[in-house]
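These notes concern the structure reproduced below.
Given the structure is predicted, the values throughout are model-derived calculations rather than measurements. Protein chains get the first letters and strands the later ones, always in sequence-line order, with residue 1 at the start of each.
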Amino acid sequence: MTNMTSKQRKVVYLVAILVLLAPIIHLGMPSSGEAESGGRLAQLRVEYELGESTLGNIDPSSAAMNLVLLGLRGIATDLLWINALEEQKTKNWAQLRTTIDSIIMLQPHYMKVWQFQGWNLAYNVSAEWDAVADRYYWVKEGAKFMDKGIKQNEKIPELYWESGRIYSQKIGRADEWRQFRRYFLVDPDPKYDNGVDQAINPEGKDNYLVAKGVFHAANAREDFRVQHIMMRALFRSYPYRSQLEYADALQREGIFDTVTQLAWKQGFDEWTGLYGKEEWMSPGGWVILEAQREDVLRLATRDVQQYAEEEYGLTIEVNADGTKVEIIDDEGSPEIKKKIEEELKDRIKLKEHWVNRYQDTTNYRYWKIRAQSEAEQVTVEAHRELFQGDVLFKQGKLDEAKATLMSGMAKFQKMLIKYPALQIEDLTIEEGLNAVLLWQYIHQLQQTKPPANFALKPLWDQHENRVPSLDASFRSRLGIR
Amino acid sequence: MFDTTPYEIGPAFLHWLSAIAILAVVVMGLTFLFSLIAQGKKGPGNVLKSLADMASEWTQLSCRRIWAIGHLTLKEAIRRKALYVFAVFVALFMFGGWFLSDSGDRPDLQAKAYISFVLTSISWLILPVILLLSCWGLPEDIKARSLHTVVTKPVRRNEVVLGRIVGFAAVGTILLTAMGTIGYVWILRQVPAGAQSELISRVPVYGSLSFIDREGRDAQKGINVGDVWDYRSYIEGATKARAIWTFKNIDPNSLGDALTLEARFEAFRTHKGDIEKSLLVQYTFINPTTNIQAKHRPFVVEEYSQNVDVIDREFRTFDEEKDANVTYDLFNDFIDNGSLTVEVQCLDAGQYLGMSQADLFVRKPNRPFASGYFKSIFGTWLQMVLVVALGVTASCFLKGPVGSLLTFTFLIIGQGFREFMERLVGGEIQGSGTLESIYRIIMHMNPQTELDAGPATSLIQAIDLFMNKFLLLTKYIIPDFSLYATGKYVANGFDVSWNMALLPSLMMTLAYLIPCILLGYISLKIRELETK
């Protein structure tokens with residue numbers, strides 16, 4: 001090479017450049033937008049849906065920022081994360097929000113950033129504030145942040161689920177749930193003029209109904225992309241659970257009208273009719289939660305038909321009660337037939353086992369019975385009277401409160417007799433025992449002896465061990481020393 | 001979060017003087033020693049002669065010549081397209097709104113985000129440009145042999161160093177003035193109308209803080225509620241626990257007709273209580289001389305925001321001892337020889353109120369936003385001058401890239417890693433010795449595991465101790481650039497305090513400027529210019 005002239009060297013460089021250019025063009029040529037256009041990388045990007053535009057909305061500022069930083073994105077992101085942690089530690093909230101915005105500019109399609117920081121704002125930062133309105137502001141910030149993440153990552157089911165969790169669990173189940181649910185419809189910030197914050201609740205709906213919509217969207221995405229948060233049957237239960245939680249929240253707020261009843265009815269229909277009919281792949285094959293004997297048989301038959309086809313190349317039919325197997329167009333040996341019948345019997349047993357396991361995991365039976373019972377008039381009346389008894393007690397109307405509680409307890413007992421499964425359910429037990437405690441306390445205040453026999457005595461006796469802790473929280477709630 | 005300790009110029013100056021004196025003695029001692037070795041008995045005499053020459057050069061300084069070199073430096077910087085940094089600046093501000101649009105709806109948070117953005121951007125743009133210019137100026141001159149021409153003129157080398165510093169500082173001043181002005185206008189225009197009221201410069205008077213515990217005994221601190229950030233300590237509500245602030249040098253004439261107190265307390269609940277009501281706090285004014293006490297009406301704490309209480313000079317309160325309403329003259333009855341004592345208590349049982357020294361202060365009348373903003377820009381200017389001084393000094397004995405690296409290292413360590421360095425030097429980080437940490441990484445040992453006793457461990461620890469001492473020395477050599485971070489005052493709506501922020505910054509710059517000029521001059525004086 002050293003003997004080459006300058007001109008010769010330049011020619012060699014030029015040839016080398018051209019030679020190297022060929023694989024670069026082959027690999028990296030950008031797509032013109034038409035199918036199959038562009039280099040190999042562009043085609044792979046389309047095939048695996050890795051292009052920016054296929055992931056969600058493109059934020060131009062984010063793209064500009066990444067371009068400006070050249071290869072230093074990782075270092076910049078690390079520094080921003082360190083800053084964010086320090087700002088959170090030193091309660092520098094304005095700066096924290098700005099830093100988080102900068103992080104997502106650099107990592108707009110990294111799910112964990114959205115997932116963590118959205119949760120962080122809604123759960124951790126909000127809890128640092130004392131005033132409920134301030135807390136709500138940060139819960140909203142978390143929800144807005146998550147919604148922004150969804151817009152930029154439309155195909156990630158986890159982000160929809162996280163967003164739904166803020167709308168349902170955070171707003172509906174926090175210590176401040178009464179205030180949060182109220183604020184969701186009447187925002188405390190004066191700039192919303194006693195209306196909703198359009199950014200999170202444009203239609204002015206209940207938080208659980210908003211969550212339901214978001215969870216449905218999560219399920220729609222989950223059809224195409226596996227989520228890694230929880231078991232599939234649980235993940236997909238959330239929209240239906242939101243409907244049930246909505247009805248439950250109305251009750252918790254003392255609303256016992258037809259709206260609540262209809263909410264429970266809709267919840268029951270969706271829980272059993274839609275969610276209950278979805279098929280899940282369990283270790284025992286496909287199962288459904290709303291599985292009657294014929295459903296188990298149908299699914300087991302399908303499995304066994306496939307088994308017979310694969311193992312013996314036979315087409316079979318199963319009789320109505322699942323005890324006999326008929327081999328179509330082929331006699332088959334009696335041993336094979338027996339084996340298939342044995343297999344069928346095993347599959348039915350296995351399916352029943354896994355249906356049961358899945359129902360336990362998803363709390364399916366409880367919600368089904370609860371929704372069914374709550375849609376009935378006697379249950380509504382029982383809840384209303386127990387709630388009303390509490391209100392009357394707080395108003396100082398002791399006689400009326402006592403009578404209303406007595407009547408409510410009788411109806412509550414009727415409900416328990418009709419739906420015995422509720423007798424071992426925590427919330428039901430607490431509601432019933434709290435009513436008895438209040439009723440007894442009124443007697444104590446009036447210096448009368450409560451009758452030894454009362455409507456909820458069976459429940460009281462059955463769960464006597466829970467009375468001391470419930471009594472303590474009952475007294476704390478009413479400020480009794 | 002501010003350091004409210006006033007800067008004491010006397011002890012600082014004495015400390016600086018002693019450091020310089022020790023350094024001078026060490027350097028002179030070494031110089032005499034080396035000259036003795038190199039030149040024999042004539043050596044020290046030659047050194048003294050050189051020193052006398054140098055001293056005489058300093059008596060013949062010419063401002064005209066310094067300015068001529070400075071002017072030349074300015075023109076050269078412009079020719080090197082230093083002002084192109086404006087393009088980046090303008091682009092940043094054109095699109096800055098994109099990055100700040102979601103910074104929260106609360107007005108105070110929004111204003112804070114905009115102000116921080118402007119001041120940080122200015123600082124980040126100016127400093128690297130000035131650093132590179134100042135580090136490359138002299139080496140380029142030497143390389144291009146233009147300095148040879150300069151030194152043949154009646155220009156002394158100290159004038160070259162000073163001229164360079166003046167010139168680069170002038171470039172920085174032009175850039176900073178322009179950017180500062182544009183930034184100011186940009187903030188005024190960009191901050192939403194609802195947050196414009198946050199653009200003020202509050203003037204706080206901080207006091208000293210002491211505590212009384214729940215039993216009524218004096219305490220150094222309040223209770224630690226388990227917060228990882230121990231900036232605040234807490235007093236228990238509805239007990240004898242109190243936080244007592246004593247404000248000195250309060251001039252009633254500067255307060256107008258009312259006393260304005262501002263607080264930033266933090267609430268901590270041990271039980272839910274009434275979640276719709278924040279904690280109640282009450283101030284009690286105390287005159288320790290006359291023993292008069294007056295409770296002010298309680299107020300509800302708003303966290304992380306300004307709890308401003310304007311108390312009329314004549315205020316009426318219920319006196320429990322007299323069982324009657326009493327009217328006090330706040331200034332006459334409670335400001336005792338310029339000292340005001342305020343006791344703070346939390347009224348909610350089982351709840352805690354967190355506070356630190358800077359969380360309660362007396363507010364003097366506000367100054368315009370421009371006051372704090374331009375003082376902060378002045379702080380950046382002082383930092384820029386220090387960078388110029390360091391850069392020019394480095395360029396006197398190092399080549400451009402090495403000088404840039406050195407100055408950049410000073411800047412990065414002095415600004416971002418000083419606290420870390422102090423923790424290293426102070427032994428707060430377990431297993432942080434250089435060799436020890438390398439050994440632990442290789443051996444997969446966590447910092448809590450004791451090293452096996454033996455000669456190897458002793459050797460490692462001895463070497464690490466030596467390196468730690470070297471780090472200690474480095475800590476004193478590298479300037480504390482965090483002093484110049486005055487943006488936090490402005491972003492939080494405060495005026496930049498002269499005594500707590502600007503004076504220490506000014507002193508820091510001067511403290512380094514003088515030895516830097518001397519070091520640069522000596523380096524250039526003894527440097528062989530033919531060595532490129």
Check each atom of B:Ser116 against the heavy atoms of chain A and say whether the ones under 4.5 Å are side chain, backbone, both or neither.
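Contact with chain A involves the side chain of B:Ser116 alone.
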Between [atom1] on residue [X] and [atom2] on residue [Y], distance to nearest 0.5 Å:
X	Y	atom1	atom2	result
A:Thr98	B:Lys112	OG1	NZ	9.0 Å
A:Trp129	B:Ser305	CH2	OG	7.0 Å
A:Arg477	B:Lys272	CZ	NZ	11.0 Å

Within 6.0 angstrom of [X] [atom1], more than 12 heavy atoms from elsewhere:
X	atom1	value
A:Gln395	CD	yes
A:Tyr123	OH	yes
B:Arg189	CZ	no
B:Phe481	CZ	yes

State, to 0.1 Å, how close B:Ile275 and A:Asp175 come at their nearest heavy-atom pair, and which atoms those are.
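The answer is CD1-O, 3.8 Å.
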Between A:Lys89 and B:Trp229, what is the shortest heavy-atom contact and its length?
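Nearest heavy atoms, A:Lys89 then B:Trp229: O-CB, 3.3 Å.
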Is there a side-chain contact between B:Glu266 and A:Lys91 in this structure, where contact means two heavy atoms from C-beta onward sitting under 4.5 Å apart?
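In contact.
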Does a side-chain heavy-atom distance below 4.5 Å link A:Asp130 with B:Val301?
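A:Asp130 vs B:Val301: side chains apart.
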Go through A:Arg182 and B:Glu276 one step at a time and tell me if the salt bridge (charged side-chain N to carboxylate O under 4.0 Å, His left out) criterion holds.
CA-CA 13 Å; A:Arg182 199 170 67 227; B:Glu276 291 205 75; 3.1 Å; yes
Measure A:Gln179 against the heavy atoms of chain B and call it side chain, backbone, both or neither at under 4.5 Å.
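The side chain, not the backbone.
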With a 4.0 Å cut-off, would you call A:Glu128 and B:Arg269 a salt bridge?
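So A:Glu128 does not pair with B:Arg269 through a salt bridge.
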